[in-house]
2 protein chains.
Amino acid sequence: MNEALSALGALAQETRLEAFRTLIRAGQSGLPAGDIAQRLGVGPTVMSFHLTELSRAGLIGSRREGRSIIYTASFARIGALLDYLIEDCCLGACGTRATNPKESCCEADAR
Amino acid sequence: MNEALSALGALAQETRLEAFRTLIRAGQSGLPAGDIAQRLGVGPTVMSFHLTELSRAGLIGSRREGRSIIYTASFARIGALLDYLIEDCCLGACGTRATNPKESCCEADAR
DNA sequence: TTCATATTTCTATATTTATAGATATATAGG
DNA sequence: CCTATATATCTATAAATATAGAAATATGAA
C-alpha cells in the first residue's frame, strides 16, 4: 500500500543497501548481477534474492544483455522516497539540509 | 555499525513509521505512549515494543512526566538519515528535489 | 548439438521480527 | 497503605525474512 514503506524495507538490509549504493555509483550503464555479487562477496543465490527485493520495491530495474542481466538504480524512486521523508517525516524542515546545512532546523534536537 | 541502516530498519514497519510521523507532527512537546497507541489503534505491549525499536535507532527520545512517558521525535536523527540518503544513495543529485523539484535529476530516470 | 556461463527458481532451514497475554514497576491520589 | 493508571518487561508463539545448496532456464560459443 505505502510505497515509501516498501522502499524503506528494501533498503533496510546491509547487502541490499550496499548493492543499491553500488548501482547508484555505476550510473545508467548499471552492472551485471554477478559483478555486484562479487563486489559484495555474496553468492549468486543470495544476490538474486536481494536484487529481486530491490526490484519489487521499484528501486532498481534490469535488462538482459547477452548472458548477463544488467541492473540499474532508479533515481526517480530514491528521489520519491526522499520527497516522502522530507515532506511527511521532517515536515519539510530538513529539506534544505544537504545543500544548506547551516540553516537547518536539525541542529538543535529535542530529547 | 551503520547508523543509517538501523534508522532505515526502524522506519521500515507500518506501525513504527506512523508512530514516528505522529511524533514529528507533535513537535518538541511530544506525546505519551498511550496517546500514540490510541491514535494508531494498537495495544500497549505492541506500542512499547515499537517505541523501543525507534529509540534504539535514535529516532525518538523519551522523558517521564508523572505516570506517562512522553516520546519526542529526533529531528537531528531523521535529518542525518536524509543527509546519508542524499549524499550516499543519490550522489547529491536529489538533494534539492523537495525545494526545487523542477530542476531535479529525478524527473528522468537514470541520470 | 554439446558445453560452459550467468542467473534465477526451488527447497529446506535458520534467524529475526512482530503480536499478545500475564506480570512487574513506577507514579499519583485518596 | 491501598488502589487505579501508565507503561515496560517477560514469555510464548506466529509470521516474515535471510541463507545456501541443488536444479532449472537462457544465452552464446565450439
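Numbered from 1 within each chain, the chains take letters A, B, ... in sequence-line order. All values derive from a computational prediction rather than experimental measurement.
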For atom CE of Met47(B) and atom P of dA18(C), their distance in whole Å
12 Å
5'-most by nearest nucleotide on DNA chain D - Gly66(A) or Ala12(A):
Ala12(A)
Val46(A), nearest nucleotide to its side chain (from dA20(C), dT17(C), dT19(D)):
dT19(D)
With side chains defined as the heavy atoms from C-beta onward, is the minimum distance between Tyr84(A) and Asn2(A) less than 4.5 Å?
yes
Could you check if a side-chain atom of Gln28(A) sits within less than 4.5 angstrom of a side-chain atom of Thr72(A), using non-hydrogen atoms only?
no
Candidate nucleotides dA18(C), dA28(C), dT19(D), ranked by approach to the side chain of Arg67(B) - the nearest:
dA28(C)
What nucleic acid atoms does Thr45(A) come within less than 4.0 Å of, heavy atoms only: base, sugar-phosphate, or nothing?
base
Can you tell me if His50(A) touches the phosphate of dT17(D), counting only side-chain N or O atoms and a distance under 4.0 Å to OP1 or OP2?
no
Any side-chain heavy-atom pair of Leu51(B) and Ile69(B) under 4.5 Å:
no
Axis deviation across the helix from dT1(C)-dA30(D) to dG30(C)-dC1(D), five-pair ends, to the nearest 10°
20°
Gap between atoms CZ and P, on Arg63(A) and dT7(C) respectively (whole Å):
12 Å
Mind calculating the distance between CG (Leu5(B)) and P (dA18(D)) to the nearest angstrom?
11 Å
Tell me which nucleotide among dA18(D), dG28(D), dA26(C) gets nearest to the side chain of Gln13(A).
dA18(D)
Test for a donor-acceptor pair under 3.5 Å between the base of dA18(D) and the side chain of Thr15(A), counting only N and O atoms.
no
Closest to the side chain of Phe49(A), out of dT8(C), dT19(D), dA28(C), is dT19(D)
Taking only the side-chain heavy atoms of Ile69(B) (C-beta and beyond), determine which of dT7(C), dT7(D), dT8(C) contains the nearest atom.
dT7(D)
Using whole Å, report how far CD of Glu53(A) lies from P of dT17(D).
7 Å
Here the distance between atom C1' of dA18(D) and atom CG of Leu54(A), to the nearest Å, is 14 Å
Side chains of Phe49(A) and Arg16(A): closer than 4.5 Å at any heavy-atom pair?
yes
In whole Å, I'd like the distance from the CG atom of Leu17(B) to the P atom of dT17(C).
17 Å
With nearest nucleotide decided by heavy atoms, which residue, Leu51(A) or Glu65(B), maps closer to the 5′ end of DNA chain C?
Leu51(A)
Only one of Ile60(B), Leu59(B), Ile70(B) clears side chain to side chain contact (heavy atoms under 4.5 Å, CB included) with Leu23(B); which?
Ile60(B)
Starting at NE2 of His50(A), measure out to CG of Leu40(A) and round the result to the nearest 0.5 Å.
9.5 Å
Using OP1 and OP2 only, check whether a side-chain N or O of Tyr71(B) sits under 4.0 Å from dA8(D).
yes
Would you say dA6(C) has OP1 or OP2 under 4.0 Å from some side-chain N or O of Arg64(A)?
no
Across the strands shown, which category fits Gly43(B) at heavy-atom distances under 4.0 angstrom: base, sugar-phosphate, nothing?
nothing
In whole Å, I'd like the distance from the CD atom of Glu14(A) to the C1' atom of dT16(C).
15 Å
Quick one: does any side-chain atom of Thr22(A) pair with a main-chain N or O of Glu18(A) as donor and acceptor, under 3.5 Å?
yes
Using atom CD1 of Ile70(B) as one end and atom C1' of dT27(C) as the other, report the distance to the nearest whole Å.
13 Å
Any side-chain N or O of Arg16(B) under 4.0 Å from OP1/OP2 of dA18(C)?
yes
What nucleic acid atoms does Ser48(A) come within less than 4.0 Å of, heavy atoms only: base, sugar-phosphate, or nothing?
base
Check whether any side-chain heavy atom of Leu11(A) sits under 4.5 Å from a side-chain heavy atom of Leu54(A), and report yes or no.
yes
